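Everything numeric here is computed off the predicted structure, so don't read it as measured data. A note on names: the letters A, B, ... follow the listed sequences, proteins ahead of strands, and every chain is numbered from 1.
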Amino acid sequence: MNNGDGKNILRHVYIHVPFCEKKCAYCSFYSVKYQDDLKEKYIKALYREIELFQEKYTIKPYTIYLGGGTPSLLDPTEIQEILEKFYLMDFREITIEANPQHLTHRYARDLKKTLVNRVSVGTQSFREIELKTLGRIHTARQNIKAYKNLRKAGFDNISLDFMYGLPGQTMDDVAISLQALIKLDPDHISTYCLSLDESVPLYSQRNAIPDDDDVAAFYDLIRRNLNAAFFTQYEISNFARDGKHSQHNMCYWSDKRYLGFGPAASGYVDQMRYANPDDVDAWCANIAENRVMPNAHSLSYAEWENEYIFLNLRKKEGIWLEDFERTFGVPFTDKYMSVLNKYADQLMRTPTHIFLRPEAYFVSNSLFTEFI
Amino acid sequence: MALKVKQVKHENIRNFCIIAHIDHGKSTLADRLLEETHVVENAHAIDQILDDMDLERERGITIKSHAIRMTYEMDGELYVMNLIDTPGHVDFAYEVSRSLASCDGALLLVDASQGIEAQTMSNLYLAMDNDLEIIPVINKIDLPKADVEGTEHDIMENLGVDADMIYRISARTGQGVSALLEGIVKHIPAPKGDASNPTKALIFDSYFDPYRGVIVLVRLFEGQLRKDDAIKLMSTDKRYEIEEIGYLGLKKEKAEGLRAGDVGYIIANIKQVRDARVGDTITLFDAPCDEAMPGFEEPKPMVYSGIFPLDKEDHESLRDSLGKLQLNDAALSYEPESSLALGFGFRCGFLGMLHLEIIKERLYREYNVPIIATTPSVKFLVTLTDGAQVVIYNPVDYPDPVKIDHVQEPIMDCEIIVPTDYVGNIMKLAQERRGIQKDMQYIDEKRVSIHYELPLIEIIFDFYDKLKSVSRGYASLDYTFREYRKSDVVKVDILINGEKVDAMSFICHESKAYNWGKSVTEKLQEVIPRQLYKVALQASIGSKIIARSTINAMRKNVTAKCYGGDISRKRKLLEKQKAGKKRMKEIGSVQVPQEAFLEVLKADRE
Ligand SMILES: Nc1nc2c(ncn2[C@@H]2O[C@H](COP(=O)(O)OP(=O)(O)OP(=O)(O)O)[C@@H](O)[C@H]2O)c(=O)[nH]1
Ligand code: SF4
Ligand SMILES: [Mg+2]
């Protein structure tokens, strides 16, 4: 089976660190309140989980991504120890997500001593009032400080998060935050349009969220400004300076196989997608019984093809026709001729690729459903 | 008991009905009478015994006519009383008139808390037309807000009767009901007619029983009918043989035969109710009477609507269900219709809007077929320039306007009874609906009866609701067909992205075209979700656009950040969206949800 490079080797690893100091008001990711003993338990189980997978698969990561939750709640030494569980001769990109309040001068310096070479900072906004609404426990000042500390420590691949579509937000609010963000000159920017689950506290303010037209206009503003500042939009919500796109995230959009470790992590291996239980204890219990890849779902051919299409179309370059045909045995343009004709305004083609016009990114789900 | 009943003398039969405005308590009074005569012991256990359809019980309205036989002893004499319960809604005015024709007397029931209302009057006139002896009865005297004196005054004024002829009762508590029974015996005449004359029986209702075929309810005016008699239906000349005959007790009571003056049922291997139509006359095949009973009419559908299965797969079962409903409902007509937008369905004819609602609901409830009904229409008579006349009851068939000489639309005679305070509001409403006022009379100091001529097409769209709302619920309405009248009507088409949606076309008066067209396009704008491109919604007369709305292009449908973990979830989300799209109809490459067809019906018709 093709595990990413045709040699049955798994090249991409995601590790979920399920701890946060305080739950943000909009967040529906799995995380629990940080406690030292819980962390100990987690790390021990994580080591075991890595072993179990290594018994099953050859894992030689190109990319490792520590996401959360809040991975910056781990000490740099703990991070390094986790990384060292893997074969690291081939690595290219190791990212951790960090919250601004943790990125002190000292933390940044120590982090630089590990193999981590990319930091994704949860800055989210540069407006104090918005940070408060979101229930973030850092200030805009801390955002800037965090960024500068990372630079000082020598990081040359820093990503900042930017959220929009917030309750009460105006075009001016977006523009101001955006200017502050651009001024910092990061290497990469992840944008995130707020969407609220019924279960989160901020749901009560859903009516204050600007309407679709406004949010779409925010998105356009963001795109135009970032393009003007020489960021390439290489994916629907990601922007990067040349060569600084996230190699790890690109594996998702390119139908590459990856392993997920930790509670609530998911993985894609062989022809299966699996998701770990979103509960530390349940996840530990599985591992204690040597059980990995619970609830694995074997993708049907149709599901696989659908995923392949909608994931690839998220990327700037879109679907590589040759790869599609090699993978699925039919020419894409034959199979989806009628959709391509009907949506000729939205789906562009070159001799080698089919891609989405950036103007259609914000309604991409409607187009993706056409391929189902 | 059965034996005794047979011995009842002809002059001891009383055939009567209860007439009233809707909800004044007919069915409840019927229950009390049944108790009082020991047909049932405790009618409170099931309210409204005669309303046996689920729908009737639930809506608290009587849809079909019913009859029941009671016996009553007074001064040592045994009497048989046949009570015929009739529907109260204007849609069923014809059925009511046939039930009245089967009686010799009527209880005119008036709700003491409401007073005389439009259908009190129209039913009263009907009863007088049929020469019925009328006993005025004031009901609901138990209600705290009952105005017994005022109601009595009203009745005296309008019927020209004395106070001592008016009975006061509470159908709910039973107060006054036994006195009323005596009154029935005293005031309502015994039936005329002679058992030795040629047989003449009036069908006042018929219904379908899946085991027995059609059960025909009749009133014998002359002669007799016996088991095994060969009979003839006079409107069709069809011959049948009586398999079973009898009286209508709480259950059917078999008998040897029925005689002039009797009310009862016949089973004669009749397959569908349309073969035994209300108002038709039954006579003996070998010794027929000369003349049928007067007043027979074919059921006349007044309102038409296309009925389509929500799910294409259900087409067959929709056809079957309509067939089954028609077995029991001669007034329902249907024929196949196909629509570009909705596929295969049926164009159905109804007596009125209530009838339409009932059929829609029964299709859904009893037959489990979810449907879409298109905008109701009435029947227009179109005279073409070449002199030919066509009947149009489907806007799709409306001829090219250049070929039309003129069009006629149905006009109704309407009677509206309303407190004087609201007369202004009513006049304004009627004017908006192109009504012509013909007459206005005072019922008493506080209330007037206004007579209008109103086009039916203006009545079917929420006229009744509007009438109620501008009169705080006090106005009551009754209407009957008057005539076809020349009118400037036009056909309005609805276009979605330039493509005509046949199922949404409608015919209306020229002066309404703009407003109606606009409210339909606005409604569509609300209910059609945004698409990837701008969608134009237009209303047009021929090639002239009279109203337009725009649905802006969709701006947002994105998973703005996709984590490694949520790819399965995202796929499911897309699959769900896709399933939603599949339930829509594609018109002019626009995804139109099914609800849009229902919602256009709710568009304001001011
Ligand atoms: N308080 C009170 N309520 C009554 C009385 N008679 C009837 N009602 C109530 O009035 C409502 C209408 O009564 P029905 O007997 O269904 O009226 P109806 O005339 O048969 O109605 P349709 O068949 O629809 O024309 C019901 O809620 C009855 O319970 C009465 O004497 N007193
Ligand atoms: S820090 Fe991140 S994972 Fe934790 S609660 Fe906030 S948004 Fe959620
Ligand atoms: Mg009733």
Checklist line | Part of S366(A) within contact of chain B (heavy atom distance under 4.5 Å) | finding: both
Notebook entry, point to check: Of the backbone (N, CA, C, O) and the side chain (C-beta and beyond), which part of V215(A) lies under 4.5 Å from a heavy atom of chain B, both, or neither?
Noted result: side chain
Next item on the list: Could you check which of V558(B), N552(B), L532(B) has the highest count of heavy-atom pairs closer than 4.5 Å to chain A?
Entry: V558(B)
Note to self: Which heavy atom of K491(B) sits nearest to which heavy atom of P395(B), and what is that distance?
What the structure shows: CE-O, 3.2 Å
Check: Quick one: what part of E575(B) sits under 4.5 Å from any heavy atom of chain A, side chain, backbone, both or neither?
Finding: both
Check: Side-chain donor-acceptor pair under 3.5 Å between Q271(A) and R257(A), yes or no?
Finding: yes
Checklist line | Partner of T63(A) under side chain to side chain donor-acceptor pair (under 3.5 Å), chosen from H12(A), E93(A), K256(A) | finding: H12(A)
Note to self: Between H16(A) and chain B, with a heavy-atom cut-off of 4.5 Å, which part of the residue counts as in contact: side chain, backbone, both or neither?
What the structure shows: neither
Next item on the list: Let me know if E370(A) has heavy atoms under 4.5 Å from chain B in its side chain, its backbone, both or neither.
Entry: both
Next item on the list: State, without any angle test, whether T369(A) and K581(B) hold a side-chain donor-acceptor pair at a distance under 3.5 Å.
Entry: yes
Margin query: Taking the basic N atoms (NZ, or NE/NH1/NH2) and the acidic carboxylate oxygens, is any pair closer than 4.0 Å for D197(A) and R206(A)?
Written below: no
Margin query: Is D220(A) close to chain B through its backbone or its side chain, or both, or neither, when contacts mean heavy atoms under 4.5 Å?
Written below: side chain
Next item on the list: Let me know if Y30(A) has heavy atoms under 4.5 Å from chain B in its side chain, its backbone, both or neither.
Entry: neither
Notebook entry, point to check: So, E337(B) versus N394(B): side-chain donor-acceptor pair below 3.5 Å or not?
Noted result: yes
Check: Side chain, backbone, both or neither: which part of Y361(A) has a non-hydrogen atom closer than 4.5 Å to chain B?
Finding: backbone
